[in-house]
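In what follows, chains are A, B, ... by sequence order, proteins preceding strands, each numbered from 1.
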Amino acid sequence: MTTSQGPTEPQPPVSAAVRLAGVEKSFPVRDGTTTVALSGIDLDVAPREFVSLIGPSGCGKSTLLRIVGDLIQPSGGTVQVNGKPAHQARLDRDYGMVFQAPVLFDWRTVEANVRLPLEVMRFSRAERDRRVREMLDLVELGGFLSHYPHQLSGGMQQRVAIARALAFQPALLLMDEPFGALDEMTRERLNAEVLRIWAQTRTTVIFVTHSIPEAVFLSTRVVVMSARPGRITNVVDIDLPQPRTEQTRETERYFELVTEVRESLRGRITSSAARARAEGAIG
Amino acid sequence: MSDVARTGPPPGEGETPPTGEGRVGGRDPIASAEPLAEADLTLATAPEPSGERPASGRWRGLVRAVVALTLFLVLAALVWEGFKFLAGDPWRYPEIGFVHHPPFRILQATDRQLPHLWDIASALAQPVQRNQQETLGGFLVGAALYTWQEALIGFAVGAVIGLVLASLFVHSRLLERAFVPYVIASQTIPIVALAPIIVVGFGRGLIAVVIIATYLTFFPVTIAAMRGLSSSDPRALELMRSYAASKWQVYRKVRLPASVPYVFTALKVAATGSIVGAIIGEGPGGVPAGLGRAIDNFNQQYISGPEKLWATILVSALLGIAFYLIVQAAEALILRRRRTARPG
Amino acid sequence: MRGVGSAARLRQYLPAIAVFLAAIVVWEIATAGPGRRVLPPPSDIVGAFGENAAQLRKSALATFYESLGGLAIGTFLGVLVALVTSRWASVRGVLLPVAIASSAIPIVAIAPIMNNWFGVLNPLSKMGMAALLVFFPVMINVTRGLVEVSPAATELMRSYASSDAQILFKVRVPNMLPFFFTALKVGTTLAFIGAIVGEFFGGTSDVLGRIVLQSLSGGRFDTAWAGIFLGAAGAIVSYLAVSLAERLVIPWYSSLVAQER
């Protein structure tokens with residue numbers, strides 16, 4: 001399953017894993033007006049891509065992720081996942097979700113937490129046991145099967161959540177600031193782990209984050225958003241070679257890309273190539 | 001924290017979903033599910049923690065409590081008369097041309113077992129006993145005031161004892177370990193069994209009933225105050241330490257103010273508890289006065305006048321509600337300037 | 001305080017044990033001597049158990065039967081109503097504040113009515129009182145446990161396209177169990193209170209409530225105390241039984257509480 005070559009080159013996709021067209025979202029506010037949370041979002045994500053959504057608080061990146069996951073309905077536009085509407089994709093169990101909080105069930109052991117989606121989806125008992133073990137080995141928690149969540153550290157809890165999200169081999173992994181609550185060291189270690197898992201499982205990932213270094217290190221593309229209304233202002237291709245390691249964080253290209261994302265967040269688009277891509281993305 | 005402090009009333013702390021901790025389930029029950037300790041009516045409709053409610057919200061809380069209680073009475077009245085309409089004695093009101101024969105017949109819905117509310121209301125205007133001047137209503141108001149007086153003294157004494165005990169326990173681990181288990185055990189005992197012996201021991205008078213009411217008050221207050229006194233922001237405590245503040249100063253300026261919202265939640269529980277204690281203390285074999293004794297007396301005259309017993313029970317309920325609302329109004333008044341209860 | 005050895009645990013409980021022994025000794029010494037006292041020495045109370053063994057045993061069993069029967073009825077109805085109210089938000093909006101409002105009302109006042117409704121000699125009248133006291137906390141707590149589920153948990157389940165039944169059995173019910181056990185523990189004491197109050201307002205004589213009243217009016221204070229201790233013991237034993245059941249049914253919860261302490 002291991003691929004040495006990550007999908008760095010965005011090949012023209014036969015069918016996009018995710019295709020967002022003209023997605024809008026507005027919420028009614030108490031005083032009778034509406035707030036526009038998202039406006040004119042167009043984005044294609046190719047299969048096996050790792051796309052990060054980054055932007056200031058309130059730019060609607062988490063909302064966008066939930067719209068992709070059919071947990072919120074958009075006010076306008078279309079969402080296609082693997083060529084079908086998001087709702088159908090959810091019913092087909094195409095999504096694995098990881099939230100900022102691990103959302104582990106206190107009454108279930110680590111093993112039982114990972115097994116939860118497999119129970120819901122009525123996998124056979126043997127298949128369940130096999131996958132739970134496989135996933136916990138993947139996140140290197142094979143020795144913690146019968147621990148309860150409160151007996152684990154925050155980082156370990158989040159790894160259990162990742163194992164759970166991957167247990168049923170979803171086509172699309174949606175991660176909403178999964179490491180936002182962790183300290184920097186744990187975060188960097190888990191970043192490396194996520195890349196390893198991504199390479200092994202060949203899943204498409206959409207990853208919401210506040211952290212520029214995290215977005216650059218992980219992604220094949222970084223989608224930069226601005227707030228009020230939430231819209232895509234730039235899309236930065238991350239052409240760092242795969243597999244990425246701790247050394248990657250020290251390369252010059254890495255710093256250039258971090259700077260480019262940072263500049264985009266400040267509203268400046270540095271390279272003309274990036275501007276062209278951004279305009280393409282905005283349509 | 002010790003296990004007591006956890007059973008206490010958490011002004012609504014458990015209302016916040018524990019997602020912040022990244023787990024599902026967990027602390028809520030200990031924090032908030034103590035139903036007796038959590039008689040904060042406003043919580044039913046207002047999910048914000050009462051301890052962190054802005055001042056205006058406290059008044060809104062009072063209004064909500066009034067609404068909830070009114071709703072309770074209206075709903076109870078509807079169920080009451082609806083039950084009688086379905087399964088009671090025939091309704092005969094020829095003067096307004098209304099006669100109704102209920103389709104079913106259940107003993108508990110008959111006029112003897114469950115009088116019409118209007119019959120109970122009209123009984124209030126009748127004399128208590130034949131050949132007496134005093135109306136039932138007047139008599140019951142007097143009895144209620146007497147019971148409330150006992151309850152109020154017990155409530156005040158119990159609250160002070162609770163606060164003192166809690167203050168001792170949070171400052172001494174030895175005292176806490178020695179006595180807190182008994183404070184808790186004291187509440188698993190059905191206190192009511194003890195009531196008659198207290199009455200015999202202290203004489204059939206005010207003091208006995210006050211003691212019973214005190215007993216039912218001190219526990220919720222102790223537990224809540226322990227929680228409240230330990231609830232202050234650790235940073236505030238560190239700050240006080242950096243000023244080299246004395247224990248008393250820390251207590252007076254940080255711990256005590258932080259405990260006030262917790263204590264009020266407990267006081268609302270204690271208000272009802274003190275009235276329950278008073279009624280039981282006046283009940284069979286108890287102090288010959290007040291609502292409890294009226295319940296016992298009218299129970300023995302039930303055959304001739306079930307309305308009297310029912311009227312007494314309803315007055316008891318109203319007294320409980322009134323006391324509760326008074327405490328809630330006091331809370332709103334005292335905490336009106338507070339935007340947040342806990343620092344930080 | 002997890003994983004403490006038995007020695008450490010002993011040291012933790014030592015002050016409480018010392019207080020208990022000291023209290024017994026002081027009580028015995030202070031009340032020793034001839035004559036009848038409202039508070040007789042502990043040795044007299046122990047003696048009263050022996051003298052009235054048959055009657056006390058019969059009464060205790062009758063009162064336990066009433067209490068536990070009321071606990072069962074009240075719990076059953078409380079859970080039933082909670083399952084219904086948690087299903088429909090509109091029903092809950094009306095019923096939950098109303099149920100909580102009941103806590104402002106001295107419900108024990110209705111004890112004589114229960115006696116009239118179900119027959120003063122019928123144990124059902126005492127069970128009815130116990131059940132009424134137990135009903136409200138159980139209903140309120142179970143409703144909360146079913147409803148107060150982390151929104152993220154339901155979101156997660158929705159991302160799996162779970163059915164409502166799956167959310168109920170895999171999220172809501174497990175989430176509710178600690179709430180349920182908390183209510184049940186409170187309920188054990190309330191059930192005994194309900195039964196004994198019911199007994200005070202009349203009924204058969206071989207029950208703890210009547211034993212206490214009759215012994216008091218006859219000046220047999222040691223027997224009255226024996227009755228009180230039996231009632232307390234019943235309440236405490238059922239409380240401990242519920243705690244034990246809680247440990248067995250939701251072991252994760254005790255471990256979580258122990259850790260957070």
Practice problem: Would you please go through residues 133-143 of chain A and name the residues with a non-hydrogen atom below 4.5 Å from one of chain C, in numerical order? | Solution: none
Quiz item: Does a side-chain heavy-atom distance below 4.5 Å link C/Pro251 with A/Tyr148?
Solution: yes
Quiz item: Between C/Ile250 and chain A, which part of the residue has a heavy atom less than 4.5 Å away: side chain, backbone, both or neither?
Solution: neither
Quiz prompt | Heavy-atom closest contact (C/Leu156 atom, A/Leu116 atom, distance) | solution = CD2-CD2, 4.4 Å
Practice problem: Go through the steps for A/Gln151 and C/Leu256 under the test side-chain contact (heavy atoms from CB on, under 4.5 Å), then give the verdict. | Solution: CA-CA 8 Å; A/Gln151 296 166 326; C/Leu256 176 67; over 6 Å; no
Quiz prompt | Residues of residues 157-169 of chain C with any heavy atom under 4.5 Å of a heavy atom in chain A | solution = C/Met157, C/Arg158, C/Ser159, C/Tyr160, C/Ala161, C/Ser162, C/Gln166
Quiz item: Rounded to the nearest 0.5 Å, how far does CG of C/Asn175 lie from CG of A/Asp106?
Solution: 8.5 Å
Quiz item: Which atoms of A/Glu119 come close to chain C, meaning under 4.5 Å heavy atom to heavy atom: side chain ones, backbone ones, both, or neither?
Solution: both
Quiz prompt | CH2 on C/Trp252 to CZ on A/Arg108, rounded to 0.5 Å | solution = 12.0 Å
Quiz item: Does atom CZ of A/Phe123 have more than 12 heavy-atom neighbours, drawn from other residues, nucleotides or ligands, at distances under 6.0 Å?
Solution: yes
Quiz item: Given side chains that start at C-beta, do those of A/Met97 and C/Glu155 come closer than 4.5 Å, heavy atoms only?
Solution: no
Quiz item: Is there a side-chain contact between A/Trp107 and C/Val173, using heavy atoms and a 4.5 Å cut-off?
Solution: no
Quiz item: For atom CZ of A/Arg130, is the number of surrounding heavy atoms from other residues, nucleotides or ligands below 6.0 Å larger than 12?
Solution: yes
